[in-house]
Protein chains: 2
Amino acid sequence: MKILDNPLIRESAFNQLRKMILSQEIKPGEKLNEKEVAEQLGVSRTPVREALHKLELEGLVEIFPRRYCLVKGVTHECIREIHLIRSQLEPIAASIAVNNLTNEDLERLDNLIKLSVEFASKGNVEKIMEANDEFHQIINRASNLSRIIAILENMHDYVEAFRYSFMSRTDLVKRSIEEHQEILAALQTRDKELVKKIVTKHLEGITEYEEVILEDMKQSLKVFDDELHNK
Amino acid sequence: MKILDNPLIRESAFNQLRKMILSQEIKPGEKLNEKEVAEQLGVSRTPVREALHKLELEGLVEIFPRRYCLVKGVTHECIREIHLIRSQLEPIAASIAVNNLTNEDLERLDNLIKLSVEFASKGNVEKIMEANDEFHQIINRASNLSRIIAILENMHDYVEAFRYSFMSRTDLVKRSIEEHQEILAALQTRDKELVKKIVTKHLEGITEYEEVILEDMKQSLKVFDDELHNK
DNA sequence: TCGAACAATTCAGAATTCAATATGAAGCTG
DNA sequence: CAGCTTCATATTGAATTCTGAATTGTTCGA
């Protein structure tokens, strides 16, 4: 297994491991051995160590000094908490972003919605998600609140599987697009309170379906939850 | 300079550097040299590197690969953002904590308020802050929301200087204690919505004085802000 | 037979060494 | 004289080595 995407080996190792954990390729409860991981990735132990420390900071693994490194993974509680955090921080970020969003930004947002409609008609879930991500990213980043941006973007990858399920339902995609149109309309008025209200509503809409989708996902995740619990 | 508090050298180095940055002993804009820092701390470069990476994750330094490590420090904007995040997450954490707080917890909270009153009469600012910290810590942790707890506790140290200024004003201490009594009363009713409302009010109360205190602190911080800006 | 202590093995933490990259100065060329 | 190129130096990134801690297994004694 070779890594090429980043000149910094520790970053490549981090991204690789992170992806493997989030995709459940490495399962929760598993113990990682520095040496083995290093050999698997074809690098030395140093960058692996650094990658593991970074993963620990994100809560994806837990390091027991001088013992072992335990993979934690993403549980249902974790996904619920992430949505809770998002529902608290995104509305405020959006309302602050109102001050900083340029007309070009708003045009791009409009464009992204149009693209979403197009992808939705083709049933291209990946592309809808990409457009969706950029939509929220533009708004969040315009808030210029570096910590909030970091928190939101960090949590983003954790709910990849969840969002995929969400976007696979045509009714939910339709509703999502309508809500994005509403958000854009609100942003165009430059009315902070209105934006906050609409974004909150949008996130509550997601929460509404969250439990249903989590139930659907239960089967695929349950195995890992159990394994994690046994350890 | 020797470090003894932690069997893990990297943790000691991290804590030491973090403290030095937050206390402005190391100034924003300064460039850290791994070798020099290692020599100053009397350890090798490896744990220093790991400490610096951890500091980068917290946003206290910025590492430019193969170049240098820049100290960022805490700006006014940073403090404002931290309070904003806190104001969004603490009320929700408290309202969820309602389900989990034991009677022992509530007794401890009551006790902490009594201690605060005592320390306030003696003008012991450090002790008031300690009691204050434990008060919020108990509530936050009872939410069992690990990510939110991590976010809130991580940001805690950043506003140390700010909180010290806050607690040095007897009028604000008095008000703070009254509000804590209100919070405890709300928690005792086990009414989630009420708790959320009261905690929100408490945090808004802090925000109210924030700008005034930041203005006071300006003189001591301005120098460093300027330095940071020049770099 | 069970428990405790000691030894051996394993694995992570830290130090040291080696390699790569960026910067800055000096010299050369147009 | 200015700008580009090259080379030397400084500094970080990665690999390797060494040390120390923790766990496990074995042996001896009660």
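In what follows, chains carry the letters A, B, and so on, assigned in the order in which the sequence lines appear, proteins first and then strands, with residues in each chain numbered from 1. Everything numeric here is computed off the predicted structure, so don't read it as measured data.
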Taking atom P of D/dT11 as reference, at what distance in whole Å does atom CG of B/Leu70 sit? 16 Å
Between D/dG13 and B/Arg49, is there an OP1 or OP2 to side-chain N/O distance shorter than 4.0 Å? yes
Which listed nucleotide (C/dA12, D/dT12, C/dA14) is nearest to the side chain of B/Glu34? D/dT12
Side chain of A/Arg66 only, heavy atoms from C-beta on: which candidate in D/dA22, D/dT11, C/dA15 is closest? D/dA22
Whole angstrom value for the distance that separates P of D/dA14 from CD of B/Glu50: 12 Å
Find the distance A/Glu39:CD to D/dA15:C1' and express it as a whole number of Å. 14 Å
Name of the residue among B/Arg141, B/Arg147, B/Arg86 meeting salt bridge (charged side-chain N to carboxylate O under 4.0 Å, His left out) with B/Glu153: B/Arg141
5' precedence on DNA chain C between A/Leu32 and B/Pro47 (nearest-nucleotide basis): A/Leu32
So, does B/Ser44 get its side chain near the phosphate of C/dA14, meaning an N or O under 4.0 Å from OP1 or OP2? no
Would you indicate, yes or no, if C/dC11 has its OP1 or OP2 atom less than 4.0 angstrom from a side-chain nitrogen or oxygen of A/Arg67? no
How many whole angstroms separate atom CG of A/Leu8 from atom C1' of D/dA15? 15 Å
Ranking B/Ile63 and A/Pro65 by the position along DNA chain D of their nearest nucleotide, the one closer to 5' is B/Ile63
Charged N to carboxylate O below 4.0 Å: is that the case for B/Glu118 and B/Lys122? yes
Report the nucleotide, chosen from D/dG13, D/dT11, C/dA14, that has the shortest atom-to-atom distance to any side-chain atom of A/Arg10. D/dG13
Describe the nucleic acid contact of B/Leu52 in one word from base, sugar-phosphate, nothing, applying a heavy-atom distance below 4.0 Å. nothing
Residues passing the side-chain contact (heavy atoms from CB on, under 4.5 Å) test with A/Lys19, sequence neighbours excluded, are none
Looking at every strand, decide which applies to B/Arg45 at a 4.0 Å heavy-atom threshold: base, sugar-phosphate, or nothing. base
Hydrogens and angles aside, do A/Asp105 and A/Thr102 bring a side-chain donor and acceptor to less than 3.5 Å of each other? yes
